[in-house]
Amino acid sequence: MLTRPQYWLLKSEPLTYSIDHLASDRTTDWEGIRNYQARNFMRDQMQVDDLAIFYHSNTKPPGAAGVCRISQPAHPDHSAWNPSSPYFDPTASPTHPRWWMVEVTFISKFKQLVSLPTMRQDPELQDMLLLQKGQRLSIQPLTASQFHRICILAGEGEARPEL
C-alpha cells in the first residue's frame, strides 16, 4: 500500500512550458511523456493530491522552480493520437493507449530557483535520483525529506500547511 501523499520531480524545459506558464494556466495536462518508466510512474503510482517539484531542465542554470499538485489521475495521452502533435505515436490509439498523462495544478513559484549545483552540494539531497549519474527521467520520485529540503533551499522555510 502506498502512503499519501507521494512526492515527485517533474522536468520541463522552460522555453516549452515553465512554472510561469503553469501559474498563468493554473492547471495543465502533463502530456508528451514518451519514456516507459516515466509513464509507469504516472500511470501506476501517481495519485491525486501528490505533490511535485516543478524543475526547469535544459536551461542555465537548471533547477527547481516551484511546486504543483497532481489534480487528476493518469488518463490516456490524447496527443499520441493527433498526427499534427509533436507527441504523435502511430502505434497508439484510443482503444490501445500506449502513453498516459496526469493533470497538474499550480501551487507556488519559489522565491528563488534551487539550482542543480546547489542541490549537488547539499548533503541531504545526495540520494536524489536527479543527482545520480546517467539519470535523465523527466518524472522521478522524491522522498518527503527531499521534497521538503528543496522547499527550504528555495526560501520557503518549512513546507507550508497547504503543501
Q: Please say whether more than 12 non-hydrogen atoms of neighbouring residues, nucleotides or ligands are located less than 6.0 Å from CZ in Arg136.
A: no
**Q.** Value rounded to 0.5 Å, distance of CZ in Arg98 from OG1 in Thr91
**A.** 3.0 Å
Q. Are Asp20 and Lys109 within salt-bridge range, i.e. N to O under 4.0 Å?
A. yes
Q: Verify, without hydrogens or angle tests, whether Gln6 (side chain) and Pro141 (backbone) share a donor-acceptor contact under 3.5 angstrom.
A: no
Q: Kindly indicate, with the supporting measurements, whether the criterion side-chain contact (heavy atoms from CB on, under 4.5 Å) is fulfilled by Met101 and His78.
A: CA-CA 9 Å; Met101 62 183 169; His78 53 79; 3.0 Å; yes
Q | Student check: side-chain heavy atoms of Phe88 and Ser79 closer than 4.5 Å | A | no
Q) Shortest non-hydrogen contact from His75 to Asp29? A) NE2-OD1, 3.6 Å
(Q) Checking side-chain polar atoms at under 3.5 Å, does Tyr17 have a donor or acceptor matched by the opposite partner on Asp25? (A) yes
**Q.** Euclidean distance, Cys151 SG relative to Gln146 CD, rounded to 0.5 Å
**A.** 12.0 Å
Q) Do the non-hydrogen side-chain atoms of Gln140 and Lys11 ever get within less than 4.5 Å of each other? A) yes
Q: Walk me through it: do Asp77 and Arg43 pass the test salt bridge (Lys or Arg N to Asp or Glu O under 4.0 Å)?
A: CA-CA 11 Å; Asp77 183 344; Arg43 185 190 66 195; over 6 Å; no
Q. Rounded to the nearest 0.5 Å, how far does CE of Met42 lie from CD of Glu31?
A. 10.0 Å
Q: Provide the closest heavy-atom pair for Gln112 versus Gly155 in the form atom of the first, atom of the second, distance.
A: NE2-N, 4.2 Å
(Q) Show the nearest heavy-atom pair for residues Ile19 and Ser108, with the distance to one decimal. (A) CD1-O, 4.0 Å
**Q.** ILVMFWY cluster, Tyr55 and Ile150 together (side-chain gap under 4.5 Å)
**A.** yes
Q) So do the side chains of Leu10 and Cys68 get within less than 4.5 Å of each other, counting heavy atoms only? A) yes
(Q) Counting C-beta onward and ignoring hydrogens, is there a side-chain heavy-atom pair between Asp50 and Arg69 closer than 4.5 Å? (A) no
Q: Check whether any side-chain N or O of Thr59 sits under 3.5 Å from a backbone N or O of Pro61 as a donor-acceptor pair, and report yes or no.
A: no
Q: Go through the side-chain N and O atoms of Ser18 and His21 and say whether any donor and acceptor fall under 3.5 Å apart.
A: yes
Q: Report yes if the side chains of Ile53 and Phe110 come closer than 4.5 Å at any heavy-atom pair, otherwise no.
A: yes
Q: Return yes if a side-chain donor-acceptor contact under 3.5 Å exists between Thr105 and Arg26, otherwise no.
A: no
Q) Which is it for Leu9 and Ile139 under the side-chain contact (heavy atoms from CB on, under 4.5 Å) test, yes or no, and what are the steps along the way? A) CA-CA 6 Å; Leu9 182 134; Ile139 295 175; over 6 Å; no
Identify each donor-acceptor pair in which a side-chain atom of residues 113-127 lies under 3.5 Å from a protein atom, sequence neighbours left out, and give them as a table.
| from | atom 1 | to | atom 2 | distance (Å) |
| --- | --- | --- | --- | --- |
| Ser115 | OG | Thr118 | N | 3.2 |
| Ser115 | OG | Thr118 | OG1 | 2.9 |
| Arg120 | NH1 | Leu131 | O | 3.4 |
| Asp122 | OD1 | Glu124 | N | 2.8 |
| Asp122 | OD1 | Arg149 | NE | 3.4 |
| Asp122 | OD2 | Arg149 | NE | 2.9 |
| Asp122 | OD2 | Arg149 | NH2 | 2.7 |
| Gln126 | NE2 | Arg120 | O | 2.7 |
| Gln126 | NE2 | Asp122 | O | 2.7 |

**Q.** Pairwise side-chain contact, Trp100 with Asn40, heavy-atom cut-off 4.5 Å (strictly under)
**A.** no
Q.
Let me confirm one number: the CZ-CD1 distance from Phe54 to Ile107, rounded to the nearest 0.5 Å.
A. 13.0 Å
Q. Between Ala38 and Ile33, what is the shortest heavy-atom contact and its length?
A. CB-CG2, 3.6 Å
Q.
When you compare the side chain of Val104 with that of Thr28, does any pair of heavy atoms fall below 4.5 Å?
A. yes
Q | Check: Leu137 and Phe41 side chains under 4.5 Å, non-hydrogen atoms | A | yes
Q) Hey, would you say the Trp99 and Tyr36 ring centroids sit under 6.0 Å apart? A) yes
Q: Kindly compute the distance separating OH (Tyr7) from CE (Met46), expressed to the nearest 0.5 Å.
A: 13.5 Å
Q: Decide side-chain contact (heavy atoms from CB on, under 4.5 Å) for Glu103 and Ile70; before the verdict, give the C-alpha distance in whole Å, the side-chain angles of both, and the deciding distance to 0.1 Å.
A: CA-CA 6 Å; Glu103 182 187 82; Ile70 308 306; over 6 Å; no
